[in-house]
Protein chains: 2
Amino acid sequence: MIDAEAISWRSIHLELLRRITEREWPPGSVVPNEADLAAEFGCARTTVHRAMRELAAAGLIDRKRKAGTRVALHPISRVVLDIPIIRLEVEQRNAEWSYGLLKQDMRVAPPSITARLGLERGTRMLHIASIHFADNHPFLHEDRWINVDALPAVAKVDFSAISANEWLIQNAPYTSGDIAFSASTADGPLAELLAAAEGAAIFVVDRITWNGAVPITVVRLSYAPGYRLKTRI
Amino acid sequence: MIDAEAISWRSIHLELLRRITEREWPPGSVVPNEADLAAEFGCARTTVHRAMRELAAAGLIDRKRKAGTRVALHPISRVVLDIPIIRLEVEQRNAEWSYGLLKQDMRVAPPSITARLGLERGTRMLHIASIHFADNHPFLHEDRWINVDALPAVAKVDFSAISANEWLIQNAPYTSGDIAFSASTADGPLAELLAAAEGAAIFVVDRITWNGAVPITVVRLSYAPGYRLKTRI
DNA sequence: TAGTGGTCTAGACCACCCT
DNA sequence: GGGTGGTCTAGACCACTAC
């Protein structure tokens with residue numbers, strides 16, 4: 001049959017969302033199975049499945065084969081953060097991005113770095129420190145260690161011409177990573193670099209990326225005071 | 001035809017991912033259309049579509065009707081944060097959760113609060129301040145304003161028995177919200193409440209939620225020093 | 001206007017897992 | 001064992017938009 005009066009999966013999604021948020025289907029209760037809902041809405045089971053997959057991805061329902069579908073007991077907010085290249089993050093604030101390289105040298109990485117990457121103690125890595133500016137004001141400090149063994153090409157790059165952040169995203173694919181957000185205080189050198197008061201609160205992002213089992217880089221981004229990472233639910 | 005040797009959308013997803021990360025399809029290049037890929041992989045177009053939808057959701061490709069599909073120029077990391085109820089967050093750290101109510105009173109909300117919610121100046125709201133503990137150590141300070149007009153039932157709740165965080169999640173559906181993460185320093189009263197040193201760096205989450213166009217609540221969570229919000233890419 | 005992605009259908013088989 | 005969600009197919013029409 002052609003879709004003479006086809007029901008959209010979005011309308012079903014909204015209706016199911018309504019039944020959940022209005023407690024028509026309270027937390028923990030069993031939701032009718034896909035076949036029954038398809039009959040109720042007069043559509044194909046695939047269409048119901050499409051709607052329910054969205055709800056499951058949002059964490060609002062729990063689905064198990066044979067056991068059926070239940071409304072989640074503890075609805076969690078699932079927040080999506082888009083983390084762009086730093087240059088774009090600055091430009092999206094309608095500010096002019098610029099960049100200054102502070103350090104670029106091969107050296108034995110400290111144990112705290114090698115341990116987090118699962119590399120041997122004493123491994124030589126590329127250390128890069130730099131500052132990103134927004135309209136000539138310090139925006140963030142980037143402190144990075146790169147596993148040169150995984151990226152031989154990186155040894156020849158001039159990171160005064162392109163930021164490590166941008167070069168890596170364009171040239172070093174990765175398959176997984178860890179991210180941690182925290183708060184820290186600006187010690188002497190960092191405070192000076194960020195033009196911040198000594199002891200100012202600094203928003204910090206720590207990030208490690210791997211390509212398969214191969215560690216690529218570990219980086220700490222220290223944002224100038226006042227930075228807020230925003231998103232919508 | 002039955003799926004005698006059906007290709008799974010996951011295998012196609014992985015293959016397309018490989019072509020993108022290994023620059024076989026470089027950033028900005030045009031990807032073959034769904035029909036061609038279906039022919040190449042010997043599967044239905046729907047299956048290719050399923051795989052490409054995942055890539056589009058991850059921000060790796062940009063899709064437009066008629067214009068076709070291109071590899072994204074600036075691959076962004078899309079990070080998913082799961083924000084649970086505070087009690088569960090503590091318990092997931094294998095710590096015992098407890099809770100202390102500091103304030104619960106109706107009062108005229110400050111203009112900074114009403115402005116953010118789009119309410120009239122001088123609106124009376126329910127103000128709640130509390131501390132959440134992990135193993136009897138301060139974990140976070142919750143400072144919250146609730147729009148009582150939207151939730152009449154909230155006026156009768158005893159928030160010394162249940163945290164506002166948990167009551168709202170279980171009783172106040174919302175459809176959208178803003179979240180902001182930032183760093184702040186602990187001033188005198190907050191430092192004392194969190195058992196932190198004066199001037200310690202505090203990880204702060206500001207959150208506003210709406211149900212449709214109706215503002216529900218605005219809350220500031222101030223975490224004790226050392227807190228890290230972690231996730232994986 | 002023509003080509004592309006987006007969606008829906010009806011049917012089928014499979015994988016999982018509770019009972 | 002049997003019911004449930006997960007997936008795939010082949011086909012169709014629609015919506016959007018670059019050309």
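Every value quoted in this text rests on a predicted model; they were computed, and no experiment measured them.
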Taking atom [atom2] of [N] as reference, at what distance in whole Å does atom [atom1] of [X] sit?
| X | N | atom1 | atom2 | answer |
| --- | --- | --- | --- | --- |
| B:R10 | C:dC14 | CZ | P | 18 Å |
| B:L16 | C:dG5 | CG | P | 12 Å |
| A:W9 | C:dT9 | CH2 | P | 14 Å |
| B:E34 | D:dA12 | CD | P | 18 Å |
| A:R50 | C:dG5 | CZ | C1' | 13 Å |
| A:D36 | D:dT4 | CG | C1' | 11 Å |
| B:H13 | D:dG6 | NE2 | C1' | 17 Å |
| B:N33 | C:dA2 | CG | C1' | 13 Å |

_Phosphate-side-chain proximity, A:R53 and D:dG5, N/O vs OP1/OP2 below 4.0 Å_ = no

*Under 4.0 Å between a side-chain N/O of A:H49 and OP1 or OP2 of D:dG6, yes or no?*
yes

*A:R45 has a side chain; which of C:dG6, C:dC13, C:dC8 sits nearest to it?*
C:dC13

_Of the listed nucleotides (D:dG6, D:dT9, C:dG6), which one gets closest to any side-chain atom of B:T46?_
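Between D:dG6, D:dT9, C:dG6, the one nearest the side chain of B:T46 would be D:dT9.
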
Going by salt bridge (charged side-chain N to carboxylate O under 4.0 Å, His left out), name the pairs with one or both residues in [range], residues two or more places apart or in two chains.
| range | answer |
| --- | --- |
| residues 171-181 of chain A | A:D178-B:R232 |
| residues 73-86 of chain B | A:R78-B:D82, A:D82-B:R78 |
| residues 57-75 of chain A | A:E34-A:R63 |
| residues 149-169 of chain A | A:R87-A:E166 |

*Quick one: list whatever passes side chain to side chain contact (heavy atoms under 4.5 Å, CB included) with A:S98, sequence neighbours left out.*
A:F133, A:N136

*Does A:D206 pair with B:R228 as a salt bridge, N-O distance under 4.0 Å?*
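Here A:D206 pairs with B:R228 in a salt bridge, since their nearest N and O are under 4.0 Å apart.
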
*Under a 4.0 Å N-O cut-off, is there an ion pair linking A:E142 with A:R220?*
no

*Which ones in residues 59-70 of chain A lie close to DNA chain D, meaning a heavy atom under 4.0 Å from one of its atoms?*
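Of all residues in residues 59-70 of chain A, the ones placing a heavy atom under 4.0 Å from DNA chain D are A:R63, A:K64, A:R65, A:K66, A:G68, A:T69.
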
